[in-house]
Each structure stands twice: as structure tokens, then as C-alpha cells.
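Values in this document were obtained by computation on a predicted structure and should not be read as measured data.
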Amino acid sequence: LHVDMDCFFAAVAAAGRPALARVPLAVSWSSGRESGGEISSANYLARAQGVRAGMWCKEARTLCPRLVVVPYEFDRFVTAGAAPYPPPL
């Protein structure tokens, strides 16, 4: 089993959303075009262009102009993170 936690938020954001499945995608608290938000997670397409967690959105968009930045969705992260574990007895 391989779990890439650096891609977790981005993978959850894309899950069930075909429009996000094949685009460079990152998750940040700020998704504006010129925002100073920090990337928390990026998918493999974005990472191939040099986008990394901890990078500022403005720098990430310089490296990857087609980058789609979406906000955190904590309810979805909790649900996805709990999925591998059986419910308590």
C-alpha cells in the first residue's frame, strides 16, 4: 500500500469531479489568481511542472500557468481519511 499524503487533499478534491481529473490541481486556502496563499497539496500533473506543497500560489502559477487552485474541503478530507478504517464495534 502506497499513500502519498502530499497529494491527498488534491486527490480528494478531484474525486468524483471529472473536470478536475486531468488538470494540474492544487489545494490552498486562497485560490485567487494573484493571491499569496500557500499550496498545501498538489496532484502529479502539477508536481511534474514543479509545483510543491509549501510554495506560494503566485510562484506555482508561474511554473504552471494552467494550475487550478481549489479551497480546502475539510468535510470531504475527513470522510476520505476515515474510509480505510472499519467503524468501531
Side-chain angles (χ1 to χ4, degrees):
L1 173 67
H2 170 78
V3 179
D4 183 350
M5 293 308 292
D6 203 33
C7 187
F8 177 75
F9 291 165
V12 172
R17 295 175 171 153
L20 298 178
R22 289 185 164 71
V23 298
L25 178 70
V27 176
S28 174
W29 61 266
S30 179
S31 58
R33 292 298 302 166
E34 295 299 320
S35 73
E38 185 177 346
I39 301 292
S40 72
S41 179
N43 68 4
Y44 290 112
L45 293 171
R47 288 162 66 180
Q49 299 296 313
V51 176
R52 299 284 182 264
M55 177 180 285
W56 298 114
C57 288
K58 191 170 184 175
E59 180 184 359
R61 285 202 171 95
T62 299
L63 294 170
C64 184
R66 293 185 11 207
L67 184 67
V68 175
V69 180
V70 297
Y72 291 101
E73 297 177 277
F74 292 107
D75 291 343
R76 291 186 66 173
F77 302 152
V78 169
T79 300
Y85 300 100
L89 298 176

On a heavy-atom basis, which atom in [X] and which in [Y] lie closest, and how many Å separate them?
X     : Y     : answer
Tyr72 : Val27 : CD2-CG1, 3.9 Å
Pro24 : Asn43 : CA-OD1, 3.7 Å
Ala53 : Ser40 : CB-O, 3.5 Å
Ala42 : Ala10 : C-CB, 3.8 Å
Glu38 : Trp29 : N-NE1, 3.6 Å

Inset, instruction - Let me see the working for Val69 and Arg61 under side chain to side chain contact (heavy atoms under 4.5 Å, CB included), right down to the final yes or no. - result: CA-CA 9 Å; Val69 180; Arg61 285 202 171 95; 3.2 Å; yes

Legend entry - same_hphob_cluster(Leu45, Val23) at 4.5 Å side-chain heavy-atom cutoff: no

Inset, instruction - Mind running side chain to side chain contact (heavy atoms under 4.5 Å, CB included) on Met55 and Leu63 for me, showing each step along the way? - result: CA-CA 11 Å; Met55 177 180 285; Leu63 294 170; 3.7 Å; yes

Inset, instruction - With sequence neighbours left out, write down each residue that passes side-chain hydrogen bond (donor to acceptor under 3.5 Å, both in side chains) with Arg22, or none if nothing qualifies. - result: none

Legend entry - Any donor-acceptor N/O pair, Arg47 side chain to Arg52 backbone, under 3.5 Å: no

Inset, instruction - Identify, with sequence neighbours excluded, every residue that meets side chain to side chain contact (heavy atoms under 4.5 Å, CB included) alongside Ala14. - result: Leu20, Leu25

